[in-house]
Amino acid sequence: MSNSFVLVINSGSSSLKFAVIDSASGDAVLSGLGECFGLEDARMNWKFQGEKFDFAIQGTENHHQLAVAKLVELVKEYKLIEDVVAVGHRVVHGGEKFTKTVRLDESIVADVEALSDLAPLHNLAHAIGMRASMAAFPELPQFAVFDTAFHQTMPAKAYTGAIAKELYTDFGIRRYGFHGTSHYYVSREAAKMLNKPVEESSFVSVHLGNGASVCAIKDGQSVDTSMGFTPLSGLMMGTRCGDLDPGIIEYLMKKGWSQEKVFEALNKKSGFLGVSGLTSDARGILEAMEEGHEGAKLAFQVFTYRVAKYIASYMVALDSIDGIIFTGGIGENSLPIRREILNSLKLLGFTEDEKGNEAARFGAAGIVGKSEMLGAVAMVIPTNEEFVIAQQSIELL
Ligand code: ADP
């Protein structure tokens with residue numbers, strides 16, 4: 001029997017992540033990354049059958065196109081091309097227009113490009129990657145899967161900002177939410193683990209990676225999430241500040257900071273990096289804490305306190321809860337961070353399952369705690385956004 005592989009592409013402004021996913025198992029048959037586009041040392045590296053390879057992309061421009069051309073060579077050389085039945089593109093922002101995965105054609109690419117006002121760093125880059133891929137694989141059906149789509153079920157009370165109406169009608173300012181593919185995937189897997197139909201299951205899904213967000217999921221649908229108009233709001237992240245008093249922006253600008261400097265400070269110099277003064281990487285924070293680094297200790301405390309506050313606040317969005325789901329690089333691997341969050345939720349009845357918490361690491365799913373009071377568990381579910389992109393592309397085929 002032949003395989004059904006999907007080529008998954010995530011095109012960024014200076015990078016292009018790719019993977020050939022087996023749509024039945026979710027395994028990556030080939031995976032890689034092109035990076036430093038626009039610079040002299042643009043390059044690509046990839047992994048195939050456990051071996052790692054790299055390649056220097058020549059020339060000083062059109063790196064997205066050159067990377068996709070190399071990708072065509074690779075899937076042919078590795079004899080994967082006969083099994084690739086579709087291409088799925090990850091798209092950060094679908095605005096209010098895209099509530100589900102769609103098949104790509106030039107008009108959809110133009111729509112994605114038009115939404116770049118809302119996500120300037122991402123959507124323009126996605127359109128470049130889509131056009132390069134459509135030119136390189138003209139015979140393959142291609143699909144766009146949106147990070148925002150899962151959250152389009154949020155009620156108006158969750159997505160409406162407490163601001164003048166014209167900011168919404170004229171500029172589209174509202175909560176959109178991101179990480180939708182991840183929250184979607186882990187909630188489906190969590191329901192399976194609990195042997196419940198997802199349409200009758202409610203969760204608080206906690207995606208903790210370099211970017212981090214929480215999502216309240218009621219009967220399988222997103223009803224609130226912590227990222228908002230941009231992926232800057234909500235939780236503290238690797239380098240992003242999360243929720244912040246908007247008055248601070250005016251204050252800094254009055255002090256002579258430019259818009260760029262404020263943006264850079266809140267996006268690139270805040271979060272774990274800003275608070276610890278050390279690193280944006282959670283592993284580095286945990287190691288430094290053990291050596292007694294005060295900044296790292298504070299960063300750990302601010303981070304876990306804020307995650308726990310968000311989880312508790314989402315009890316308002318739900319009628320019942322089956323589980324808290326931890327996912328993302330930190331959620332899947334960091335025992336002390338999960339422990340501290342669960343300890344902070346003791347008024348909701350949560351206690352840690354120490355053995356479970358120790359076991360659920362490095363790709364293993366499991367139960368890490370529970371609340372008898374709420375009838376809920378805390379669980380770890382490793383995310384797999386590429387798998388969702390592959391599955392949804394196949395479903396639409
Ligand atoms: P991204 O949002 O870029 O996809 P990931 O989901 O891969 O990021 O998460 C990256 C984060 O996960 C980093 O902060 C990293 O330190 C953290 N992480 C990975 N492994 C561990 C671990 N064993 N313990 C603690 N944190 C970890």
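All values below were derived from every heavy atom in this structure, side-chain atoms included, with hydrogens, water molecules and symmetry-related copies excluded. Both counts, for ligands and for their atoms, begin at 1 and track the order of listing. Residues: numbered from 1 along the sequence shown.
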Over-ring placement of Lys70 relative to Phe55, 6.0 Å and 45° cut-offs: yes
Distance under 6.0 Å and angle within 45° of ring axis: Arg306 vs Phe303: no
Atom pair CG (Asp147) and CZ (Phe178), whose distance is rounded to the nearest 0.5 Å: 7.5 Å
Carboxylate-amine/guanidinium proximity below 4.0 Å for Lys79 and Glu77: no
Geometric cation-pi criterion, Lys261 with Trp257: 6.0 Å, 45°: yes
Note: Lys196-Asp322 ion pair, threshold 4.0 Å (strictly below): yes
Sub-4.0 Å heavy-atom environment of ligand 1, residues by chain: Gly209, Asn210, Gly211, Asp281, Ala282, Arg283, Leu286, Gly328, Gly329, Ile330, Asn333, Ser334, Phe362
